[in-house]
Amino acid sequence: MTADPDAFRSVRAWPFEEAAKVADRLAKSGKEEAQGDVLFETGYGPSGLPHIGTFGEVARTTWVRRAFERMTGRPTRLLAFSDDMDGLRKVPDNVPNKAMLAGHLGKPLTAIPDPFGTHDSFGAHNNARLRAFLDAFGFAYEFASSTDYYRAGRFDAALLRMAALHDRVRDVILPTLGPERRATYSPFLPIHPETGVVMQVPMEEVRPEDDLLVWTDPETGRRHGTRITGGHCKAQWKADWALRWFALGVDYEMSGKDLIDSVKLSSAICRVLGGEPPATFTYELFLDEKGQKISKSKGNGLTIEEWLRYAPPESLAQFMFGAPGRAKRLHFDVIPRAVDEYLANLEKLKAQPDPANPAFHIHDGGSNDPGSPIPFAMLLNLASVVNAEEPGMLWGFIRRYAPDLTPESHPLLARLAEGAVAYYRDFVLPTKHHRAPTPVERAALEDLLHTLRALDAASDAEAIQNAVYEIGKRHPFPGLRDWFACLYQVLLGQQEGPRFGGFVALYGIPGTIGLVESALARTGEAAA
RNA sequence: GAGCCGGUAGCUCAGUCGGUAGAGCACGAGACUUUUAAUCUUGGGGUCGAGGGUUCGAGUCCCUCCCGGCUCACCA
């Protein structure tokens, strides 16, 4: 597609609307020609490991970034910024060596040994996890470590400027704090020269001309002088965000609605420093199936591993694309719908590259993926009907439906078949109830057992079906329907089922014999 | 207290530029048949949360209110 700014401006898709915001901001601020790359940022807290929200934020930011490139033709960068210099507040639950970590509370994550023992520091470990996560999805980004940036002096000029404007920055922040914090608050957090702890103490003197902060350790009563620059102090969170925006010239950053106040405050600080805050975007948080908020400690909601167990990442991207400004329920039940929406959009994309199509963004403009001619919902249904234990059973039916489909020709379909089997195994199978046979049914099943053992292993579905049908007629069932209902309820544990001969042919005669044997061995209440 | 999002069929939701209210599921009826359905056809079901405004015309735009959910007011 040729870059035609006005055409893309009118596209009814939120990434283009966001891209227009970025373009307008650049035009207004006069940065249009001044600097080169337009900078998009996503930020990461120190303690959190990458999760499903991380995927959403990076995917969404990437879509805005690409839309902006199409709209303006300008080069961009995506900075994945890790706030790894932040002090460790509490020992996380999900790590080894908790006692060791407890001895390092308050220190920057990059100054704490790695509890996993695989990296130079806890911060480095978390950073590696983040990068591996982003790489696994093929995101294009540039990683940034806060510690590295501070130490390399990339914030020095901005820090000195913030020191020179110390009172004005405080004036912006203080009204938002409670009276207790207000008394001691400083946007500067010096690193203790002896303990290495990130200190939250009042500044007695802020002397940018001497590159010096003066403060007192409340524990020892000793006064310290700490350099402002060179990584000897860091900025408190909201000031830190503003400092970063100002120093790096961040043009776009999105965040959850829990950070609305922080965005406002950091924007105000950024302006005090003399910068223009980035174009920002607030997305809604996700809820679980009951409408409760997703909380890692509660364990509700859905992890990204769980989603990918049942469906490919494109379907998760489809989910993340839809209505970011709306609170959406994120649980297992939304997966089939997201998959089928994605499949439909993929087909539309292949027919015509429409920038309003979510798949256009997910595939950065186009795709020649053969997709899946079979909807995921149908595969799930099929998996349940045939009691699918592995994808090959689904493929037996798929080939009958469309002989030219193979896992090789349609890898996405193959992935969906695997997901459907997993979904069936995890959600449908546990609810199945194999009832015990009645005396009449027991006799018929024994008859079936002998018949199956006598059958030629190469018998086709029709021959098996006829044999099963004859057994039903030999025994005193009120109707043949009851014989087949017995087969489904006793053997498969479900109310309905596939044509039985076809099922046996696919499932195998030995396997079916096993089902009958275990059903006959089962004791317990017979159905009335 | 401040802010964000929502309220449309029994359920989950879609509804584009303001132009005669839609889908899926569920439910009802029918067709097909060696029991079945990855089959087909079809039906019923709506105060679009309430009120006002703009308009020839409002689910849609504006204002007020009600209800529900969430977030922030300590830290990041």
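So you know, we letter chains A, B, ... as the sequences are listed, proteins then strands, and number each from 1. Basis for what follows: all heavy atoms, side chains included, without hydrogens, waters or symmetry-related copies.
In this structure, A:Arg326 and A:Lys238 both approach RNA chain B, and ranking their closest nucleotides by distance from the 5' end singles out A:Arg326.
Side chain to side chain, A:Ser315 and A:Trp307 meet the donor-acceptor criterion of an N or O pair below 3.5 Å. Side-chain atoms of A:Tyr310 and A:Glu418 include no donor-acceptor pair closer than 3.5 Å. Using modelled atom types and a 3.5 Å distance limit, the side chains of A:Tyr44 and A:Thr42 yield a donor-acceptor pair.
Backbone-only contact: A:Gly325 has heavy atoms under 4.0 Å from sugar-phosphate atoms and none from a base. Across all strands shown, A:Gly178 has heavy atoms under 4.0 Å from sugar-phosphate atoms exclusively, and none from any base. At the heavy-atom level, A:Glu180 lies nowhere under 4.0 Å from the strands shown. Within the nucleic acid shown, A:Asp240 has no heavy atom closer than 4.0 Å to any nucleic acid atom. Using a 4.0 Å heavy-atom distance criterion, A:Leu259 is classed as a base contact.
Distance, A:Asp340 CG to B:U12 P: 20 Å, rounded to whole Å. Straight-line distance from the CD1 atom of A:Ile335 to the P atom of B:G24: 23 Å, rounded to whole Å. Whole-Å rounding puts the A:Leu265 CG to B:G3 C1' distance at 15 Å. Look at CD1 on A:Ile260: it is 16 Å from P on B:C70, rounded to the nearest Å. In this structure, A:Leu487 atom CG and B:A37 atom C1' are separated by 16 Å, rounded to whole Å. Atom pair A:Asp261:CG and B:C70:P shows a separation of 18 Å (rounding to whole Å applied).
Taking atom P on both nucleotides, B:G10 is separated from B:G53 by 30 Å, rounded to a whole Å. Atom C1' of B:G30 sits at a distance of 23 Å from the matching atom of B:A23, rounded to the whole Å. On the C1' atoms, B:C67 is 7 Å away from B:G49, given to the nearest whole Å. For B:U60 and B:U16, the P atoms lie 11 Å apart once the distance is rounded to whole Å. Nucleotides B:C74 and B:C65 are separated by 27 Å at their P atoms, to the nearest Å. Nucleotides B:G1 and B:U20 are separated by 42 Å at their P atoms, to the nearest Å.
The only option from A:Asn127, A:Thr110, A:Asp84 that meets the side-chain hydrogen bond (donor to acceptor under 3.5 Å, both in side chains) definition with A:Ser145 turns out to be A:Asp84.
Close to B:A76, at under 4.0 Å from its OP1 or OP2, lies a side-chain N or O of A:Gln236. Neither OP1 nor OP2 of B:A76 sits under 4.0 Å from any side-chain N or O of A:Arg181.
Look at A:Glu18 and A:Lys21 and you find a salt bridge, because one of the NZ, NE, NH1 or NH2 atoms lies within 4.0 Å of a carboxylate O, short of that distance.
The base of B:C70 is paired with the side chain of A:Lys257 by a donor and an acceptor separated by under 3.5 Å.
The base-pairing partner of B:A29, taking Watson-Crick or G-U wobble contacts with both distances under 3.5 Å, is B:U41.
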